[in-house]
Amino acid sequence: MSKNIDLNTKKIRLFHSKPILMPTVLVTWLFVMSLYEYLTYIDSVLPILARKQPFEISLIIFNQLFVALFFLFGIVNIFIAIRYFCIKDKAKDAELAILAKEIPADWHPKVELLYTTYNDFLPYALAQCLEQTYENTQGIILDNSTDPEYIKMIDEFVLSHPTVKLVRDSENTHAKAGNLNHYLCNNKHDYDYFVILDSDELLENRFVEKCLKMFYYNEIGILQCNHVSGQNYNSFMNTFARSGNAFWPVQNVVRSAEGGWLNKKHSNIAVKETGGALCIELGHGVMISRECFEDIGQIPYAVAEDLCTSVEAVLKGWNIKFASQIYGNEEFPVNMTALMIRSSKFCAANFEFFRNYSRKIIKSKTISIYQKIDLFCFTLSVPINAFQYISLVITSLICPELHIPLVTQLFMLVPTLICYFSQTLVDSVFQLKNGTKLLDLLFYEIELSLLYGSFYFITVKSTVLALLNKPAKFIVTPKVNERIGFLYAMRKHYQGILFSLFTIITCISISGSCWVLLSFVPGCFGFLFEMQANHQTEEEKTKENKLINYSNKALILGNTKTVNWND
């Protein structure tokens with residue numbers, strides 16, 4: 001549905017800024033690398049040159065590539081945090097100015113809520129999403145479940161909600177992307193915009209109304225909205241959900257503000273304002289216009305279908321923006337196993353993305369050099385742990401065994417520490433700003449470091465398999481926690497425990513340095529967090545029972561009671 005935007009539109013456009021982030025990052029990175037490389041050259045490279053050993057020189061140069069990557073990734077994280085606190089109020093005010101406007105009375109686009117599910121249907125979530133203030137909204141269940149229990153539950157939901165359409169993908173191929181394309185590419189339905197929902201998605205009741213205002217007053221094809229992890233009903237979920245709650249606004253507000261603007265004119269694409277970062281959609285809680293989707297053609301068949309869709313849209317000239325004041329609510333992974341499965345999937349998916357899109361991105365005229373660097377850093381956020389391990393092996397095993405001189409073991413560790421702790425720094429500052437007490441924050445950061453520090457094995461394994469061209473698989477994150485004991489948790493994570501112990505013992509015996517304990521002690525004890533999901537406070541038990549009760553009621557014809565989205 002076309003719309004005419006008046007001259008006042010540009011006065012309330014979403015906040016944007018000149019590309020400051022990446023230029024500042026690159027200047028800082030070059031300065032730090034110059035100092036670091038000078039010391040490395042004096043203390044390591046020159047002595048090796050005197051020995052005239054080409055392999056040793058190549059090894060040091062190879063490791064320095066990882067060092068450069070660690071510094072770049074760490075500096076990006078630090079400056080994103082700084083940039084966020086400089087612009088967050090301006091971004092918020094710009095959004096609120098748009099949300100204060102009214103949708104024109106003669107503009108009634110049809111919006112479809114596409115609820116994707118594969119053996120993980122949550123009736124209370126979809127029932128709540130359907131309660132929208134904007135009337136021209138249609139709920140569609142896109143189901144490719146195979147479990148009879150979930151199939152039956154979905155059938156019951158449709159009977160109790162006659163306005164909801166059900167579309168099943170009998171072939172059940174290409175995971176989430178295939179599920180969406182099976183419906184969107186059949187040309188048998190009419191819509192103007194669609195929203196992608198995951199199975200645990202809760203939307204505020206003004207979600208559609210707010211999103212449409214953003215589209216009406218801005219030239220965008222995709223709008224990603226904010227999320228909080230609030231549907232948490234055990235100790236594990238409540239403890240670590242805060243990390244996700246910091247990631248969504250901090251990372252995305254900055255990338256949206258510095259994303260620049262493209263000016264699409266039919267098949268021609270003109271860059272109106274050069275982007276300094278690239279805003280992407282994150283797979284759910286996102287609204288996409290029909291014109292944008294049809295220009296792309298289909299959701300790319302990839303595990304990271306959201307990232308690939310974003311790149312395809314930008315390559316076609318469509319703007320992607322983030323709305324920090326439009327909220328959804330979701331579950332944090334229910335236990336440690338679920339979180340590790342998700343991380344493993346992300347790692348494999350990002351390598352798949354590199355293989356399929358690196359050439360397109362490099363050749364692109366619409367994506368600036370700063371945006372390409374930003375995209376590169378973003379997609380390395382998971383597999384970078386594997387690169388840290390490779391660098392560790394070089395500096396703590398190979399170099400000492402070959403008697404290759406290094407400045408100091410601790411000196412070689414600095415880039416890894418900056419890379420690792422830069423990710424928690426963003427989280428820490430965000431928590432402090434939101435009123436977390438310093439002592440509570442300290443315990444939280446220790447828990448966070450132990451948890452994610454135990455992910456080395458799964459990340460290295462996923463990276464090795466990806467480098468061997470093993471296809472990435474779309475794995476649905478488990479939604480149900482099974483109570484487990486100490487011995488079962490050890491058996492479940494024995495590979496990671498042995499991997500960490502082997503690395504520690506081997507490094508200490510060869511290099512005589514104990515600093516590797518900083519990185520790999522978490523892998524020996526992190527499995528204990530598996531049992532944290534067993535613990536529930538009375539409040540958490542009440543919440544879980546309430547959600548179960550809401551799901552049961554959602555299957556009853558005529559029931560209109562829905563869960564409070566921000567509980």
Side-chain angles (χ1 to χ4, degrees), residues 12-22 76-77 79-99 193-198 201 203-204 206-229 243-262 272-273 275-289 292 304 306-314 318-330 367-368 370-371 374-375 377-379 381 426 430:
I12 57 170
R13 194 170 70 175
L14 283 165
F15 174 76
H16 67 281
S17 67
K18 293 181 179 180
I20 296 174
L21 176 68
M22 278 302 160
V76 166
N77 282 331
F79 276 92
I80 281 180
I82 295 171
R83 189 74 181 124
Y84 170 73
F85 286 105
C86 291
I87 67 173
K88 65 184 182 71
D89 291 335
K90 292 179 180 179
K92 177 181 178 180
D93 291 343
E95 285 185 42
L96 292 177
I98 296 173
L99 296 179
Y193 299 90
F194 64 87
V195 177
I196 300 175
L197 306 176
D198 273 359
E201 194 91 21
L203 301 179
E204 59 173 309
R206 294 185 60 210
F207 184 92
V208 172
E209 175 190 340
K210 287 182 175 181
C211 287
L212 288 176
K213 291 180 181 182
M214 294 296 177
F215 275 91
Y216 186 82
Y217 292 105
N218 292 273
E219 301 167 78
I220 56 179
I222 299 177
L223 181 71
Q224 176 63 60
C225 299
N226 206 348
H227 266 72
V228 293
S229 293
S243 60
N245 293 344
F247 171 83
W248 280 81
V250 174
Q251 297 278 338
N252 296 316
V253 164
V254 174
R255 289 191 163 94
S256 180
E258 297 219 1
W261 289 89
L262 299 172
K272 187 181 295 183
E273 295 169 8
L278 191 63
C279 184
I280 66 170
E281 62 107 341
L282 300 169
H284 58 105
V286 57
M287 182 179 281
I288 303 177
S289 72
C292 177
D306 47 4
L307 180 58
C308 298
T309 299
S310 301
V311 171
E312 291 286 358
V314 173
W318 293 96
N319 292 304
I320 304 173
K321 293 298 175 181
F322 177 76
S324 64
Q325 302 304 303
I326 307 177
Y327 285 94
N329 192 318
E330 62 179 340
I367 303 176
S368 72
Y370 295 139
Q371 289 175 314
D374 178 53
L375 185 59
C377 291
F378 177 82
T379 50
S381 59
V426 176
F430 187 85

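Residues: numbered from 1 along the sequence shown.
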K.L.:
Is E95 paired with K210 through a side-chain N to carboxylate O contact shorter than 4.0 Å?
P.N.:
no
K.L.:
Report yes if some heavy atom in the side chain of N218 is under 4.5 Å from a heavy atom in the side chain of K321; otherwise report no.
P.N.:
no
K.L.:
Can you tell me how far SG of C377 sits from CG of L278, rounded to the nearest 0.5 angstrom?
P.N.:
12.0 Å
K.L.:
Within this structure, what is the OG-CD1 distance for the pair S17 and I87, rounded to the nearest 0.5 Å?
P.N.:
5.5 Å
K.L.:
Give, for atom CH2 of W318 and atom OG of S289, the distance between the pair rounded to the nearest 0.5 Å.
P.N.:
4.5 Å
K.L.:
Which pair of non-hydrogen atoms, one from P19 and one from Y370, has the smallest distance, and what is that distance?
P.N.:
CB-CD1, 4.3 Å
K.L.:
State, to 0.1 Å, how close G283 and D306 come at their nearest heavy-atom pair, and which atoms those are.
P.N.:
N-CB, 3.3 Å
K.L.:
Rounded to the nearest 0.5 Å, what's the gap from CD1 on I288 to CD on Q224? Could you check?
P.N.:
9.0 Å
K.L.:
Quick one: are N329 and L203 in side-chain contact, heavy atoms under 4.5 Å?
P.N.:
no
K.L.:
Is there a side-chain contact between R255 and D374 in this structure, where contact means two heavy atoms from C-beta onward sitting under 4.5 Å apart?
P.N.:
yes
K.L.:
Taking side chain as C-beta onward, heavy atoms only, is I20 less than 4.5 Å from E258?
P.N.:
yes
K.L.:
Kindly give the heavy-atom pair with the smallest separation between I98 and Y217, and that separation in Å.
P.N.:
CG2-CD1, 3.9 Å
K.L.:
If we ignore hydrogens and angles and just use 3.5 Å, is the side chain of N226 paired with the main-chain N or O of Q325 as donor and acceptor?
P.N.:
no
K.L.:
Which heavy atom in F378 sits nearest to a heavy atom in L282, and how many Å separate them?
P.N.:
CZ-CD2, 4.2 Å
K.L.:
If every non-hydrogen atom of M214 is compared with every non-hydrogen atom of L223, which pair is closest and at what distance?
P.N.:
CB-CD2, 3.6 Å
K.L.:
Can you check whether F207 reaches Y327 side chain to side chain, under 4.5 Å on heavy atoms?
P.N.:
no
K.L.:
side-chain contact (heavy atoms from CB on, under 4.5 Å) with V314: which of I280, I367, T309, I222?
P.N.:
I367
K.L.:
Taking all non-hydrogen atoms of both residues, which atom of W261 and which atom of I220 are closest, and how far apart?
P.N.:
CZ3-CG2, 3.8 Å
K.L.:
Quick one: does V195's side chain get under 4.5 Å of L197's, heavy atoms only?
P.N.:
yes
K.L.:
Do I326 and C211 have side-chain heavy atoms sitting under 4.5 Å apart?
P.N.:
yes
K.L.:
Quick check: does any side chain N or O of S368 sit under 3.5 Å from a backbone N or O of G275, one acting as donor and the other as acceptor?
P.N.:
yes
K.L.:
With a 3.5 Å cut-off and no angle check, do the side chains of E330 and H227 form a donor-acceptor pair?
P.N.:
no
K.L.:
From E219 CD over to L14 CG, what is the distance, rounded to the nearest 0.5 angstrom?
P.N.:
11.5 Å
K.L.:
First locate atom CH2 of W248, then atom OG of S243, and finally report the distance between them rounded to the nearest 0.5 Å.
P.N.:
12.5 Å
K.L.:
Check whether more than 12 heavy atoms from other residues, nucleotides or ligands sit under 6.0 Å from atom NZ of K88, and answer yes or no.
P.N.:
yes
K.L.:
Just so I know, are the side chains of E281 and M287 near enough to count as touching, which here means a heavy-atom distance under 4.5 Å?
P.N.:
no
